[in-house]
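I have placed the structure first, in the form of structure tokens, so that the comments after it can refer back to it.
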2 protein chains.
Amino acid sequence: MTVTPVKPTLQDIAEQAGVSTATVSRVLNDRPGVNDDTRSEVLRVAKEIGYVPSITARGLATDRTYNLGFVTYKRDPQPISSYHLNIIEGIDQAARESGCHVITTYVKREDMTDLSNFSMFREQRVDGLILAGPALKTSFIMGLYNSHLPIVLLDNLLSGLEIDAVVCDNRAGTYSITSHLIEAHNLRRLVFLSGPSHWFSSKERREGYEHAMREIDQKPEVFYMPDTTMNTGYDTTRDALKLFPDLEGIVAVNDASALGAIRALKDHGLDVPHDTAVVGFDNVTWGPLNEPALTTVRMFKREMGFQAARRLIDIIERSAPRGFQLRLGTELIIRESCGCPREASEPFYTDFGS
Amino acid sequence: MTVTPVKPTLQDIAEQAGVSTATVSRVLNDRPGVNDDTRSEVLRVAKEIGYVPSITARGLATDRTYNLGFVTYKRDPQPISSYHLNIIEGIDQAARESGCHVITTYVKREDMTDLSNFSMFREQRVDGLILAGPALKTSFIMGLYNSHLPIVLLDNLLSGLEIDAVVCDNRAGTYSITSHLIEAHNLRRLVFLSGPSHWFSSKERREGYEHAMREIDQKPEVFYMPDTTMNTGYDTTRDALKLFPDLEGIVAVNDASALGAIRALKDHGLDVPHDTAVVGFDNVTWGPLNEPALTTVRMFKREMGFQAARRLIDIIERSAPRGFQLRLGTELIIRESCGCPREASEPFYTDFGS
DNA sequence: AAAATGATTGTAAGCGTTTACATCAGTTAT
DNA sequence: ATAACTGATGTAAACGCTTACAATCATTTT
């Protein structure tokens, strides 16, 4: 059947349809100024010979790659965070809708020191970049920004810069979940487990917590952690317990550290949520599986990814004005770790179902 | 500083070094037959003007994209499985080592019906494809295979075909974990929760279980599930309980369904592992956090991804002979859900840490 | 009837590489 | 001294598209 698996080109269509390559190109790109009969004939031939455009050739001619880059951080030996999975899903969809594909890469700390390590990427592979997460170095981001490659930040923001970003309303999120602990469960002595103070989302989340605390004239107590992993959440909770033995609740900057906190409290002989409430932020898929099921703030990661990609494509294709910041809302997910009664159980949308 | 952000080309190097583009190309590709002085001068100029090759142009000339595709299945509304994360990590690394990048995409059921839906990918975007997981349709894979695009399967195998694959030793894995239940915990009445019977890994895993059961002259009891999610594991376990009220243990085809099984047993008033043992396969990151911590079989996913990518690159670059099958070993991870005592706790390498 | 307009199509020059082939200057062999 | 080789380099044609510009022809306008 496929004796000569030689790919048909624009040229071939042109010959068989008896027109020039220019016309074929116009038809294939839906450009105006082609007679309807010609158009349909070209389309027919294209279909008949199974034509597929060469993205490479098109790329060379138009100075594009039709690829979007998704860059995020990886800390050895931790695995890549599943946090990104939903984001990628959104990015992938938006990309498809515009005929783009997504190249994903995971940079380590050392990869960020010199941009030229990253040059294959930066210079040639993609039309633009989505940079996700708080752990990417500012100097790294700035370098990219200065290179004039279109970039959009996701769940991060560099203040004072005309740099596009999509984030969620971190402040409102922690404010509402902290308020929930205060109002629904009558708790007051709450501490906040924060990520590094210069991380954008940590900072905003802390502010939401502080705001809620001040409303009841309670002094905010913040623990800054070097990272926001479960292990660190565990360790930091032990510290917190020493300083505040009468702790009533922990507001964690993310779910991972919240889960660590719960472990630490349990190991310390405390009951969660009876003795101490714990809440997180992120709504990881394991949340409902934990005992107690984790109360948390959901961020719409899929949507964030989608919007970030959309934005990036706008910049690339329409050279849209830069410096947009899109802030998405959040949703309070009440489960048990705050002290609420168990609800009818939700289906398990775990992300490891194969 | 960057007044004219115009990318230097081969041409520019050639002019400044006073040689032809052919020579520059030879130098840049480490080809022999260039005088040492010329070579170093070219290199110097290239560095000085900050030259970076255009992968697109090179691609057009060499008929390559220097991109690898990673394709896997996504079932709405389930999120993308974190199962892939470790695999991707391995792929990414191997790709980098060969100057390639990885384009990831998630196909849905309907995307697989017609290969031309997938054509952008198939024909132009990548030099080869890694197809992961058991849920990709055989017709889809066959279509790709027949298109002469280099592909390698991961955690899947199409028998009777000269198609490259990297898999793990599923049989040995379930055999050893089933034997563990039998020998260490003296259990006999064990059922197997299987994925669809035509899924490669499910089939092999079932065989390992059956082998162990036959060794003790016990009739294997297999439940075929339509998928291997936690929800389905939950439901199927309820069914199993009806048929076999005196069940002593469940060997699940993967961790997700094992976790669902544990839930179902608990909801049924049974204690795991005291009344019923449960074991999984995969070693997902949630395993150690579950109560009881999950006993399972570890597959070296990172390594599998790495090897698959390596293989693919070999095929692409050296047109290595086709039809290799690489089978990696597994590792028994003993935790509590089989009935073993709690060990000193491992660090939490969750995959949701920030 | 000449000129202007507009719609359709073609021509050909890129885009930045690679590479088959040609060239040229030294060597070495005759 | 000529022929034959070698090693280093250059020439120019691809690769498969896009697109500025030119050309053609049928209508309209004057």
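A note on names: the letters A, B, ... follow the listed sequences, proteins ahead of strands, and every chain is numbered from 1.
One atom, CG of A:L28, and another, P of D:dT18, lie 7 Å apart when rounded to the nearest Å. Between the CZ atom of B:R64 and the C1' atom of C:dT17 there is a distance of 14 Å, rounded to whole Å. To the nearest angstrom, C1' of C:dC15 lies 4 Å from CG of A:L60. Look at CD1 on B:I13: it is 14 Å from C1' on C:dT18, rounded to the nearest Å. For the pair A:I55 CD1 and C:dG16 P, the computed distance is 18 Å after rounding to whole Å. The distance from atom CG of A:N29 to atom C1' of D:dC17 is 9 Å, rounded to the nearest whole Å. A:D63 has its CG atom 10 Å from the C1' atom of C:dG16, to the nearest Å. The CZ atom of B:R26 sits 12 Å away from the C1' atom of C:dA22 (whole-angstrom rounding).
In this structure, A:T9 does not reach the D:dG16 phosphate: none of its side-chain N or O atoms is under 4.0 Å from OP1 or OP2. For A:Y66, no side-chain nitrogen or oxygen approaches OP1 or OP2 of D:dC17 to under 4.0 Å. For the OP1/OP2 pair of C:dT9 and a distance below 4.0 Å, the side-chain nitrogens and oxygens of A:T23 include no atom meeting the criterion. Listed pair B:S54 / C:dC15 fails the phosphate criterion, with no side-chain N or O lying under 4.0 Å from OP1 or OP2. Between C:dT18 and B:S25, a contact under 4.0 Å exists linking OP1 or OP2 to a side-chain N or O.
Looking at heavy-atom distances under 4.0 Å, A:T38 makes contact with sugar-phosphate atoms alone, never a base. Backbone-only contact: B:R31 has heavy atoms under 4.0 Å from sugar-phosphate atoms and none from a base.
Among all heavy-atom pairs drawn from B:V167 and B:N156, the shortest one is CG1-O, 3.4 Å. Nearest heavy atom pair, residue B:L153 against residue B:L158, reads CD2-N, 3.9 Å.
A:R302 contributes no side-chain N or O that, together with a main-chain N or O of A:I87, makes up a donor-acceptor pair within less than 3.5 Å.
Toward the 5' end of DNA chain D, the nearer of the two residues B:A61 and B:V19, judged by each one's closest nucleotide, is B:V19. Each of B:P32 and B:T62 has a nearest nucleotide on DNA chain D; the 5'-most of these lies closest to B:P32.
One finds the OH atom of B:Y106 at 10.5 Å from the CZ atom of A:R96 (value rounded to the nearest 0.5 Å).
Checking each of A:K108, A:M112, A:H84 against A:Y73 for a side-chain contact (heavy atoms from CB on, under 4.5 Å) leaves exactly one that passes, namely A:M112.
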